[in-house]
There are 2 protein chains.
Amino acid sequence: MAKPPKENSPITEHLAYLLAQANREINRQLELRLSKEGVPVEQWRILKVLSDGNGHSMGELADAVLLNHPTLTKMIDRMVSDTLVYRVQDPNDRRKVLMFISDRGKVLCRKLNSLAVDQEEHILESYGGKSTSELKRLLESLIDSSN
Amino acid sequence: MAKPPKENSPITEHLAYLLAQANREINRQLELRLSKEGVPVEQWRILKVLSDGNGHSMGELADAVLLNHPTLTKMIDRMVSDTLVYRVQDPNDRRKVLMFISDRGKVLCRKLNSLAVDQEEHILESYGGKSTSELKRLLESLIDSSN
DNA sequence: TTGAAAATATTGAATGTTCAAGAATTGAAG
DNA sequence: CTTCAATTCTTGAACATTCAATATTTTCAA
């Protein structure tokens, strides 16, 4: 009944590894679909967050889309060039910049959403609805317990 | 009883996002511990795979540690400089390079393993054993169903 | 009210990753 | 046997990310 010593357990049994592997695979699939519109996953996330129509500061956005500040700044630069989003100085706190989605961004976002929905449906089919919702629940709770 | 249209669901409900978030968080914690030895997570994975004492080709390794080939080549270059691992031409197929762990690498790997075990124990405490093993099971099955 | 500390975003240099191409070897069909 | 395609790894150039430093604005205590 003795557990095997963890030190010698293969890497494939570590939670960190399983998460990395699953994330890599799902992300690869999503990338593949979004590449139809030539957009990286992070840009889809940004558009999706901004598509509530409200202004979001860079810090807020960085947290929401899991990028650190300088990386986000440079990605936003590209998206501004592509006129998908635009910057507005926050009138209440001029240290902040508020990001908004443009009309062009909204159109693109809708297309991307439906590509992403395709993927979730594909997962639902091959993996099952029960497993999917249970996995989501466990992931949320893991994230919660890590703060 | 109608489900909300997926198109408008917030990004935080997507499986891809939850996976990215959980992975990021757990990885951040692990990085933090391994940084005590100044080693990135990927190098720990490499050492761990090689610590079975057998030679592993670059392709095999790249798959195992979730890096693509050129990235792995350059990371191995650094590890060779640090004399943690070494290359041997595969005598049976001279296209291949077999990687081996050095004695120094083994010593480091043991230290890293125990830092990683610390983390897994910490997760077990805050997240619970039942959730952890259930999450691992679901992740494995998701990975399986994606091939 | 002033001045120091905190918060926010950006920049530039260093570093790391990726893509496409190249070099070496093997396999296998003619 | 020879040649052509496939496999394996590495390289160099393009590109992206990160760290540390900077600029600006706000906050707040003295």
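This is a predicted model, so every value here is computed, not measured.
Remark: the A/Arg95 side chain and the D/dT24 base include no donor-acceptor N/O pair separated by less than 3.5 Å. Counting distance only, with no hydrogens placed and no angle test, the side-chain atoms of A/Lys74 and the base atoms of D/dT18 include a donor-acceptor pair under 3.5 Å.
Phosphate proximity of C/dT8 to A/Ser57: absent, as no side-chain N or O sits under 4.0 Å from OP1 or OP2. The phosphate of C/dT17 (OP1 or OP2) has a side-chain N or O of B/Arg78 nearer than 4.0 angstrom. Considering only side-chain N and O atoms, B/Thr73 lies nowhere under 4.0 angstrom from the phosphate OP1 or OP2 of D/dC9. Phosphate contact (OP1/OP2 of D/dT10, side-chain N/O of B/Arg87, threshold under 4.0 Å): present.
Taking atom CD1 of residue A/Ile76 and atom P of nucleotide C/dA9, one finds them 11 Å apart after rounding to whole Å. Between the P atom of D/dT27 and the CG atom of A/Asn92 lies a distance of 10 Å, rounded to the nearest Å. Separating the CG atom of A/Leu61 from the P atom of C/dT8 is a distance of 14 Å, rounded to the nearest angstrom. A/Gln89 places its CD atom 9 Å from the C1' atom of D/dT24, with the value rounded to the nearest Å. Rounded to whole Å, atom P of D/dC19 lies 13 Å from atom CG of A/Leu67. When the C1' atom of C/dA7 is taken as reference, atom CZ of A/Arg94 falls 15 Å away, rounded to whole Å. Spacing between atom CG of B/Asp77 and atom P of C/dG16 amounts to 12 Å, rounded to whole angstrom units. To the nearest angstrom, C1' of D/dT18 lies 14 Å from CG of A/Leu72.
Heavy-atom distances to DNA chain D give each of B/Lys96 and A/Pro70 a nearest nucleotide, and the one nearer the 5′ end belongs to B/Lys96.
Across every non-hydrogen atom of A/Gln119 and A/Ile26, the tightest pair is NE2-O, 3.1 Å.
The shortest distance between side-chain heavy atoms of A/Leu19 and A/Leu139 falls below 4.5 Å.
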Show me the donor-acceptor pairs, under 3.5 Å and distance only, between side chains in residues 122-131 of chain A and residues at least two apart or in other chains.
from, atom 1, to, atom 2, distance (Å)
A/Ser126, OG, A/His122, O, 3.3
A/Tyr127, OH, B/Leu138, O, 2.8

Distance-only donor-acceptor pairs under 3.5 Å for side chains of residues 73-82 of chain B, two or more places apart:
from, atom 1, to, atom 2, distance (Å)
B/Thr73, OG1, B/His69, O, 3.2
B/Asp77, OD1, B/Arg87, NH2, 2.2
B/Ser81, OG, B/Asp77, O, 3.2

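Taking 4.0 Å as the cut-off between side-chain N and carboxylate O, B/Glu134 and B/Arg137 count as a salt-bridged pair.
Comparing atom distances between the B/His69 side chain and each of D/dT17, C/dT17, D/dC9 picks out D/dC9 as nearest.
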